K.L.:
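Below are the structure tokens for one structure; questions will follow.
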Amino acid sequence: MTEKTFALIVCLFLAAFQMTDINRVDGANEQASEQANEGRSGTAPMNVLILYADDWRHDTLGVAGNPVVKTPNLDQLASQGMRFTQNCVTTSICGISRASLFTGQWMSRHGNQSFKPWKTDWSETYPGLLRDSGYYVGHVGKWHNGRLPAEHFDFSRSYYGTHWITKPDGSKIHVTQKNENDAMDFLKSRPTDKPFCLTVAFFATHAEDSHPQQFLPQPESMQLYQDIKIPVPVNATQQSFERLPDFVGNEKNEGRNRWHWRFDTPEKYQTMMKNYYRLATEVDTTCGRILAELKKQGAAENTLVIFTTDNGYYHAEHGLADKWYPHQESIRVPLIIRDPRMPQEAVGQTNDEFTLNVDLAPTILAAAGIKAPETMQGTDITPLYLSKTKPQWRDEFFYEHPMLRSTDFIPASEALVRKDWKYFYWPEFDREQLFNLKNDPIEENDLAANPEHAAQLSEMRARFAELKAAAQ
């Protein structure tokens, strides 16, 4: 038995008997959230709007410093709320991340390891709990967890996979325009005597994988970015690709396959990225129109608004495309929250604590005055901007992704993520990697075999095992 295998077994055993759930909010944070809701006593229950984009990483926002993409409406939303700069997903893929959004659970607990329904009971999800509490609950757009359970929603329309949808009369509508139309239908037809929760799940900026052009924006967007050269990442190189473990850095890997679809010539890179950014700007425009409708209805001042996405995206970094693996490009996603309870000193600010997709369900429930079920593993975020004193918060988290199809296609990956260090574990190959993010933010220099960092590796290996056990 190797040293790391023995350490893993010991830590799993110890973690199973830990009395404190390391993923849950502590008492002080819970109290801050309750006090905020008490301050709203006598007002109507808060509405909830989740604007949920696809394949959109943390820096695909003008306000995040992107020198190309135009996102004026989301930039304005950030100026009216708070932007979380270190927000991450616990699994970087559409279906599993969406299951984590609704359940507030790691994949290990909700049990969806691909695009099927999760195993968690509907009564323990945020839409289920809100509806049981009298909310009018809607979902429009992408679902990707098996069949959309329309019986659990008051308003639901599900579609994705293509940028241009054929309507019954034979005409075409762009998927982002349909997202907008359906969101407007919900807002204009909702009963005004009930609070509402609407999740607008965009398909953009996801590629249409079967189409040679991949990203298909609306014609009026084609004038955008025409005369701009998109900067190419410094590690979008063959050398970076060859530094990957050989079971990822090979031509059979699906990340490399999709890199060929999108990025394998300079001309293709420019075309694909411009169309990707055009799709992003279209989503931004639709978000602006939805928010304007809220304001027109007089509901903006009583609605919690969340903008986020399901996973990050390689823009050819490491010689890859898409997501899945634990690199920063894949796991970091935007999060903007505009909350009517937010004190003025927090408005327009950024926060660099680790927030996660699993945190959003308990955050939404807390805003509605509903206690999160014990099965939820995330933490209510609101004390980060409502508490008068800085709350205790996580400084690390466990990342997981299953194997899909085969190890040649997408091998499983796991990680312990910190702001200064990251530990990768590839379970099918018993392979470790170690990166110093402070000195190597683009994760090019694997230090796992370096004896100078043996103590760091050992400590992170042990902590990784504890967090993995806690995610069950």
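The model shown is predicted, which means the values in this text are computed figures rather than measured ones.
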K.L.:
Got a second to check how far W106's CH2 is from S100's OG, nearest 0.5 Å?
P.N.:
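Here the interatomic distance stands at 8.5 Å.
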K.L.:
If the plane angle is over 60° it's perpendicular, under 30° parallel, otherwise tilted; pick one for H152 and W122.
P.N.:
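If you compare the ring of H152 with that of W122, the planes turn out parallel.
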K.L.:
On the six-membered ring of F215, is R278 placed so that its NZ or CZ lies under 6.0 angstrom from the centre and within 45° of the ring axis?
P.N.:
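No cation-pi geometry.
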K.L.:
Looking only at atom types and distance, does a side-chain atom of D359 sit under 3.5 Å from a main-chain N or O of D380, one as donor and one as acceptor?
P.N.:
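Looks like no, no N/O pair under 3.5 Å.
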K.L.:
Please check if the distance between the ring centroids of W143 and W118 is under 6.0 Å.
P.N.:
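So the answer is yes for these two rings.
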K.L.:
With a 4.5 Å limit on heavy-atom distance, are the side chains of L335 and L360 in contact?
P.N.:
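A side-chain contact exists here, since the closest heavy-atom pair is under 4.5 Å.
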K.L.:
Verify the ring-centre separation between Y313 and W324: is it less than 6.0 angstrom?
P.N.:
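No, they do not, as the ring centres are separated by 6.0 Å or more.
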K.L.:
Main chain of L61, side chain of N66: is a donor-acceptor contact present, judged purely on distance under 3.5 Å?
P.N.:
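No, because the side chain of N66 does not come within donor-acceptor range (under 3.5 Å) of the backbone of L61.
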K.L.:
By salt bridge (charged side-chain N to carboxylate O under 4.0 Å, His left out), which residues pair with E180, not counting sequence neighbours?
P.N.:
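Result, salt bridge (charged side-chain N to carboxylate O under 4.0 Å, His left out) vs E180: R289.
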K.L.:
Would you find a donor on one side and an acceptor on the other, under 3.5 Å apart, between the side chain of N250 and the backbone of N253?
P.N.:
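Flag set: sc N250 to bb N253 pair under 3.5 Å.
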K.L.:
Is any side-chain heavy atom of K468 less than 4.5 Å from a side-chain heavy atom of E414?
P.N.:
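K468 reaches E414 side chain to side chain.
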K.L.:
Can you name the ring pair (Phe, Tyr, Trp, His ring centres under 6.0 Å) partners of F424, sequence neighbours left out?
P.N.:
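Once residues adjacent in sequence are excluded, the partners of F424 under the ring pair (Phe, Tyr, Trp, His ring centres under 6.0 Å) criterion are H327, F435.
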K.L.:
Is the NZ or CZ atom of K252 positioned over F409's six-membered ring, under 6.0 angstrom from the centre and within 45° of the axis?
P.N.:
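No, cation not above the ring by the 6.0 Å, 45° rule.
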K.L.:
Would you please name every residue forming a ring pair (Phe, Tyr, Trp, His ring centres under 6.0 Å) with F203, sequence neighbours left out?
P.N.:
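Partners of F203 by the ring pair (Phe, Tyr, Trp, His ring centres under 6.0 Å) criterion, ordered by chain and then number, come out as H163, H206.
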K.L.:
Assess, by modelled atom type and distance only, whether the side chains of E124 and T375 contain a donor and an acceptor separated by less than 3.5 Å.
P.N.:
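E124 vs T375: donor-acceptor pair found between side chains.
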K.L.:
Got more than 12 heavy atoms from elsewhere within 6.0 Å of NZ, K268?
P.N.:
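Buried by this count: over 12 neighbours within 6.0 Å.
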K.L.:
Is it true that a side-chain atom of D352 and a backbone atom of Q86 form a donor plus acceptor pair closer than 3.5 Å?
P.N.:
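Checking the backbone N and O of Q86 against the side chain of D352, no donor-acceptor pair under 3.5 Å is found.
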K.L.:
Looking at H139 versus F155, is the centre-to-centre ring distance below 6.0 Å?
P.N.:
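Judged by ring-centre distance (under 6.0 Å), H139 and F155 do not meet the cut-off.
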K.L.:
For the residue pair M107 and T90, establish whether any side-chain heavy-atom pair is separated by less than 4.5 Å.
P.N.:
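Not in contact.
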K.L.:
Quick one: salt bridge (charged side-chain N to carboxylate O under 4.0 Å, His left out) pairs with a partner in residues 65-81, sequence neighbours left out?
P.N.:
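Found none.
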K.L.:
With rounding to the nearest 0.5 Å, note down the distance linking CG in L51 to CG in L77.
P.N.:
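Separation between the atoms: 7.5 Å.
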K.L.:
Please indicate whether E220 has more than 12 foreign heavy atoms, meaning atoms of other residues, nucleotides or ligands, lying under 6.0 Å from its CD.
P.N.:
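It does: E220 CD has more than 12 such atoms within range.
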K.L.:
Please tell me whether W259 and H318 form a close aromatic pair, meaning their ring centres lie under 6.0 Å apart.
P.N.:
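Judged by ring-centre distance (under 6.0 Å), W259 and H318 do not meet the cut-off.
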K.L.:
Roughly how far, to the nearest 0.5 Å, is the CE atom of M460 from the OG atom of S458?
P.N.:
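Reported to 0.5 Å precision, the distance equals 11.5 Å.
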K.L.:
Give, for atom CD of E353 and atom CG of N351, the distance between the pair rounded to the nearest 0.5 Å.
P.N.:
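If we round to the nearest 0.5 Å, E353:CD and N351:CG are 5.5 Å apart.
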K.L.:
What residues, two or more places apart in sequence or in another chain, satisfy side-chain hydrogen bond (donor to acceptor under 3.5 Å, both in side chains) together with S79?
P.N.:
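None.
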K.L.:
Any non-hydrogen side-chain atom of Q177 less than 4.5 Å from a side-chain atom of Q218?
P.N.:
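Yes; the side chains approach each other to less than 4.5 Å.
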K.L.:
I'd like to know whether the aromatic ring centres of F202 and Y52 sit less than 6.0 Å apart in this structure.
P.N.:
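Ring-ring flag for F202/Y52: false, centres at least 6.0 Å apart.
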K.L.:
Considering only NZ, NE, NH1 and NH2 on the basic side and carboxylate oxygens on the acidic side, decide whether R157 and D182 come within less than 4.0 Å.
P.N.:
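Counted as a salt bridge, because a side-chain N and a carboxylate O are separated by less than 4.0 Å.
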K.L.:
Between N445 and D440, do the side chains contain a donor N or O and an acceptor N or O under 3.5 Å apart?
P.N.:
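Side chains of D440 and N445: no pair found under 3.5 Å.
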K.L.:
Taking ring pair (Phe, Tyr, Trp, His ring centres under 6.0 Å) as the test, write out the residues that go with F84, two or more places apart.
P.N.:
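Checked F84 against ring pair (Phe, Tyr, Trp, His ring centres under 6.0 Å); zero matches.
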K.L.:
Mind jotting down which residue pairs meet the salt bridge (charged side-chain N to carboxylate O under 4.0 Å, His left out) criterion with at least one end in residues 396-406? Sequence neighbours excluded, please.
P.N.:
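Residue pairs with at least one partner in residues 396-406: E396-R418, E396-R463.
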K.L.:
Parallel, tilted or perpendicular: which fits the ring planes of F247 and F429, with parallel below 30° and perpendicular above 60°?
P.N.:
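F247 and F429: parallel rings.
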K.L.:
Can you name the side-chain hydrogen bond (donor to acceptor under 3.5 Å, both in side chains) partners of K172, sequence neighbours left out?
P.N.:
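Checked K172 against side-chain hydrogen bond (donor to acceptor under 3.5 Å, both in side chains); matches are T166.
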K.L.:
Only counting residues at least two apart or in another chain, list the ones meeting ring pair (Phe, Tyr, Trp, His ring centres under 6.0 Å) with W261.
P.N.:
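W261 satisfies ring pair (Phe, Tyr, Trp, His ring centres under 6.0 Å) with no residue once adjacent residues are dropped.
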K.L.:
Apply ring pair (Phe, Tyr, Trp, His ring centres under 6.0 Å) to H401 and Y325, showing your working.
P.N.:
CA-CA 7 Å; H401 194 292; Y325 307 124; 7.1 Å; no
K.L.:
Return the CG to CG distance between L216 and L279, rounded to the nearest 0.5 Å.
P.N.:
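Between atom CG of L216 and atom CG of L279 there are 7.5 Å.
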K.L.:
Would you mind checking if D264 and R258 are paired as a salt bridge, meaning a charged N to carboxylate O distance below 4.0 Å?
P.N.:
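Looking at D264 together with R258, the answer is no, because their closest N to O distance does not fall below 4.0 Å.
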K.L.:
How about NZ on K119, more than 12 heavy atoms from neighbouring residues, nucleotides or ligands closer than 6.0 Å, or not?
P.N.:
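Open.
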K.L.:
Quick check: does any side chain N or O of E443 sit under 3.5 Å from a backbone N or O of Q328, one acting as donor and the other as acceptor?
P.N.:
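Indeed, once roles are kept as given, a pair shorter than 3.5 Å links the two residues.
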K.L.:
We want to know whether Q433 and Y423 form a side-chain donor-acceptor pair, criterion being a heavy-atom distance below 3.5 angstrom.
P.N.:
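Side-chain D/A pair, Q433 to Y423: absent.
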K.L.:
T355: what forms a side-chain hydrogen bond (donor to acceptor under 3.5 Å, both in side chains) with it, not counting sequence neighbours?
P.N.:
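N87.
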K.L.:
Working to the nearest 0.5 angstrom, can you tell me the gap between N311 CG and T91 OG1?
P.N.:
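Going from CG on N311 over to OG1 on T91, the span is 10.0 Å.
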K.L.:
Between P334 and T309, is any pair of side-chain heavy atoms under 4.5 Å apart?
P.N.:
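Yes, at least one pair of side-chain atoms sits under 4.5 Å.
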K.L.:
With sequence neighbours excluded, what pairs up with D121 under the side-chain hydrogen bond (donor to acceptor under 3.5 Å, both in side chains) test?
P.N.:
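Testing D121 for side-chain hydrogen bond (donor to acceptor under 3.5 Å, both in side chains), a comparison that skips the adjacent residues, returns S123.
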K.L.:
Please check if the side chain of K422 supplies one atom and the backbone of P326 the other of a donor-acceptor pair under 3.5 Å.
P.N.:
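Yes, the answer is positive, given that a donor and an acceptor are paired below the 3.5 Å cut-off.
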K.L.:
Applying side chain to side chain contact (heavy atoms under 4.5 Å, CB included), run through I331 and F397 and close with a yes or a no.
P.N.:
CA-CA 12 Å; I331 68 174; F397 69 94; 4.2 Å; yes
K.L.:
Does the side chain of V69 reach to within under 4.5 Å of the side chain of T281, using non-hydrogen atoms?
P.N.:
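Yes. Closest side-chain heavy atoms under 4.5 Å.
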K.L.:
Could you check if a side-chain atom of R338 sits within less than 4.5 angstrom of a side-chain atom of L291, using non-hydrogen atoms only?
P.N.:
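Yes, side chains in contact.
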K.L.:
Among residues two or more places apart or on two chains, list those pairs meeting salt bridge (charged side-chain N to carboxylate O under 4.0 Å, His left out) that have a residue in residues 48-64.
P.N.:
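Passing the test, one end in residues 48-64: D54-R98, D54-K142, D55-K323, R57-D59, R57-E317.
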K.L.:
Side chains of M403 and Q113, heavy atoms from C-beta outward: is any pair under 4.5 Å?
P.N.:
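No, their side chains stay 4.5 Å or more apart.
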